[in-house]
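Per chain, numbering begins at 1; letters A, B, ... match sequence-line order.
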Protein chains: 2
Amino acid sequence: MSYEGSSGVVNGRQNGRPTLEQVAARAGVGRGTVSRVINGSPRVSEQTRTAVARAVAELGYVPNQAARALAGSRTDAIALVIPEAEARLFAEPYFLDLIRGVSAELADADKQLLLTLVRSEQERQRFEQYLAAQRVDGVLLASVHGDDPLPDRIRELGLPVVMNGRRSEAEPVPYVDSDNIGAGRAAVAHLVGGGRSRIATVTGPLDMYVARARLGGYRAGLAEAGHAPDEALVSTGDFTEEGGRRAMRLLLDRRPDLDAVFVASDVMAAGARGVLREAGRRVPEDVALVGVDDSAVARLMDPPLTSVRQPIEEMGRTMARMLIREIQGMPEGGGSGGGGEVSEEPRRHVLPTELIVRESC
Amino acid sequence: MSYEGSSGVVNGRQNGRPTLEQVAARAGVGRGTVSRVINGSPRVSEQTRTAVARAVAELGYVPNQAARALAGSRTDAIALVIPEAEARLFAEPYFLDLIRGVSAELADADKQLLLTLVRSEQERQRFEQYLAAQRVDGVLLASVHGDDPLPDRIRELGLPVVMNGRRSEAEPVPYVDSDNIGAGRAAVAHLVGGGRSRIATVTGPLDMYVARARLGGYRAGLAEAGHAPDEALVSTGDFTEEGGRRAMRLLLDRRPDLDAVFVASDVMAAGARGVLREAGRRVPEDVALVGVDDSAVARLMDPPLTSVRQPIEEMGRTMARMLIREIQGMPEGGGSGGGGEVSEEPRRHVLPTELIVRESC
DNA sequence: TACAGGAATGGGAGCGCTCCCACACTAGTT
DNA sequence: AACTAGTGTGGGAGCGCTCCCATTCCTGTA
């Protein structure tokens with residue numbers, strides 16, 4: 001008897017799902033009151049609340065999202081934007097972990113996740129259209145490049161944004177990043193501690209802040225250990241395996257006597273490891289290796305790769321949390337005529353990284 | 001002049017974005033006409049169409065999605081559901097590839113992707129609420145278990161569904177699957193062709209159809225080669241690396257003379273490979289190995305693993321295409337009082353797999 | 001010349017909510 | 001007794017679309 005679950009076929013309505021109005025009728029109250037109960041307003045007597053709750057349960061009522069969005073101008077959805085090019089580049093589990101964190105946090109807040117893979121300039125523009133269509137309350141951006149205008153465009157539209165990573169040292173848009181400088185520093189410290197003295201590095205593309213930061217950490221680590229900087233020990237990769245190979249070959253050419261390499265990603269480290277093997281260098285006996293990401297790649301390498309772990313899922317959670325707070329703190333979009341400036345102090349979070357020691361050094 | 005892009009601040013409106021009504025006023029036509037132009041109705045004169053198009057461009061008009069959904073009862077969004085537990089289990093790039101395919105196809109059709117990671121029974125129920133709130137026009141389900149009631153529940157709600165994989169041989173719900181039987185068969189044929197005669201297999205959990213199918217393919221392959229079946233050569237894993245290790249140990253205990261193993265996933269193959277090394281067996285000299293997934297794991301193993309590749313991204317595309325067609329073919333949700341039965345012939349697609357030969361056999 | 005039939009168009013009537021104003025009704029104040 | 005100041009509550013007025021029924025203006029036909 002009316003306990004058939006929420007199949008929606010329970011009630012005798014001939015078409016579609018029950019509406020607020022019908023719940024109100026059944027509970028013997030007005031629409032406004034039901035709305036208040038649904039939205040948890042305190043301005044309802046306990047008795048009424050109970051009656052409405054029963055009517056809701058009996059009818060299997062679920063508020064229509066479109067109507068809510070139209071009347072209330074909030075969608076309870078947020079967009080996560082991932083540039084397609086990056087999705088291939090990065091260690092593969094990265095984005096899945098990020099999504100996992102974001103998703104978990106959003107689920108707790110009862111918000112929906114709209115995932116957008118952007119694979120071309122055209123799609124980027126289409127995405128801006130979506131935003132303008134007021135489909136989401138805010139935007140999460142993953143792996144933004146140094147010259148990406150999207151973050152600023154979104155703010156112009158009056159939408160809250162939080163980025164994963166930053167475009168530069170002085171990033172004006174709120175972001176969550178991992179401590180990439182600390183990553184480089186920890187890697188070098190570990191290598192120095194293992195008795196290595198000619199420590200090279202393979203960097204990412206230097207137009208990305210993350211690459212510069214890891215390089216900066218490497219240099220800081222060397223300085224702290226009292227080693228002199230040596231540009232011949234620095235080689236630029238592009239976060240791909242092949243890029244890692246090329247960079248490693250260059251390093252061996254320039255400094256055949258190197259005894260350790262800090263590689264700015266596991267995938268590049270896999271490439272570097274291949275080159276070392278081909279050159280007859282043993283890992284870790286001749287050359288020690290440290291990567292970044294602590295991905296499956298690292299665990300499966302031979303020997304298993306020491307790597308700096310980033311708290312990816314935690315970054316996702318933090319981003320979502322920041323965005324939700326920002327949305328709540330900004331009741332009506334700031335897109336009115338004039339500035340559209342969101343003048344709050346931009347927030348930033350830098351989460352710690354962790355060195356996972358394995359046999360490669 | 002009015003070419004400031006779509007910043008929306010161009011026009012003199014004091015708040016929010018332009019509406020249909022305003023476009024109509026500017027173009028000197030009625031609301032209905034603008035709506036017709038926006039939606040590409042043929043019942044508009046060329047002249048009027050042009051005038052409206054200009055007004056739209058000048059005002060930077062973008063239709064409000066919520067209003068559309070409310071009035072037209074279609075959301076232009078679809079949900080992709082991924083069980084969280086699976087997301088960890090499977091070779092990691094799997095879901096990212098799937099998402100990539102789905103996303104690409106949806107972008108072409110101008111639809112939004114709502115990603116839902118389901119990590120508990122509670123969240124599964126919450127997801128059903130979302131569906132009832134009419135947030136999406138259809139649902140894509142990834143890696144459904146044999147006893148999962150969700151597909152049927154969704155159909156009861158009158159929503160189109162397409163699954164990735166199937167729950168059983170006789171799956172009533174439309175699905176896209178890869179040819180797992182063919183995968184097992186191809187692997188065995190390759191091993192036989194390489195002169196192996198005592199070919200074992202490590203399977204997935206046998207309550208999953210995908211595991212049974214790969215096992216079936218293995219058996220078919222043996223039969224075709226004229227080999228007698230031998231249950232001592234079959235060991236059950238669970239798609240994890242540790243499960244692969246356990247299954248491999250069992251096999252070595254039972255049949256120390258085996259000379260090849262078809263492992264139903266790369267991740268399990270990595271585990272098996274470790275056990276073989278510990279047992280002093282060389283790959284491929286003593287034991288040949290074939291995996292499934294062709295993931296990064298396979299490329300990075302030592303030696304690189306021969307593996308059966310699934311067209312994951314293509315599966316994603318196909319799923320999305322099927323769902324879109326189903327949505328279009330079903331103008332109004334079938335959720336009226338009575339049956340709610342969607343009596344169309346369920347469609348199914350089985351995409352071919354491909355053996356990628358590397359040094360492990 | 002009168003009139004049917006179609007093409008193009010305008011605009012009313014919702015869709016199902018939220019917002020908010022107005023109206024009871026209750027107590028507490030002068 | 002006449003007031004104020006709350007509480008609950010009902011319901012009108014939209015939100016910005018789509019749907020669809022007129023209405024107008026052509027044409028072509030009897």
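To the nearest angstrom, P of D:dT18 lies 10 Å from CD of B:Gln65. Spacing between atom OH of A:Tyr61 and atom C1' of C:dG16 amounts to 7 Å, rounded to whole angstrom units. Atom-to-atom, CZ of B:Arg74 to P of D:dC17 comes out at 13 Å; the value is rounded to the nearest Å. Separating the CG atom of B:Asn64 from the P atom of D:dG14 is a distance of 18 Å, rounded to the nearest angstrom. Taking atom CD of B:Glu21 as the reference point, atom C1' of D:dC15 lies 12 Å away to the nearest angstrom. At whole-Å resolution of the value, CD in A:Gln22 and P in D:dG11 are 16 Å apart.
Using a 4.0 Å cutoff on non-hydrogen atoms, the parts of residues 34-53 of chain B near DNA chain C are B:Arg36, B:Arg43, B:Val44, B:Ser45, B:Thr48, ordered by number.
Between the side chains of B:Asp76 and A:Tyr130, not a single donor N or O lies within less than 3.5 Å of an accepting N or O. At a cut-off of 3.5 Å, with distance as the only test, no side-chain donor of A:Thr33 or A:Arg49 sits close to an acceptor on the other residue. In this structure, a donor-acceptor pair under 3.5 Å is present between the side chains of A:Arg68 and A:Asn39.
Taking the side chain of B:Leu70 as heavy atoms from C-beta on, and the options D:dC15, C:dC15, D:dC17, the nearest nucleotide is C:dC15. Taking the side chain of B:Thr33 as heavy atoms from C-beta on, and the options D:dG11, D:dC17, C:dG10, the nearest nucleotide is C:dG10. The side chain of B:Thr19 has D:dG16 as its nearest neighbour among C:dC17, D:dT18, D:dG16.
Across all strands, A:Arg31 comes closer than 4.0 Å to base atoms (heavy-atom distances).
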Check step by step if side-chain contact (heavy atoms from CB on, under 4.5 Å) holds for A:Asp152 and A:Val173.
CA-CA 8 Å; A:Asp152 303 307; A:Val173 175; 4.1 Å; yes
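More than 12 heavy atoms of other shown residues, nucleotides or ligands fall within 6.0 angstrom of atom CD in B:Glu121.
Residue B:Leu113 holds its CG atom at 7.5 Å from OG1 of A:Thr116, rounded to the nearest 0.5 Å. Note: A:Glu128 CD to A:Gln125 CD = 7.0 Å, rounded to the nearest 0.5 Å.
Counting distance only, with no hydrogens placed and no angle test, the side-chain atoms of A:Arg17 and the base atoms of C:dG16 include no donor-acceptor pair under 3.5 Å.
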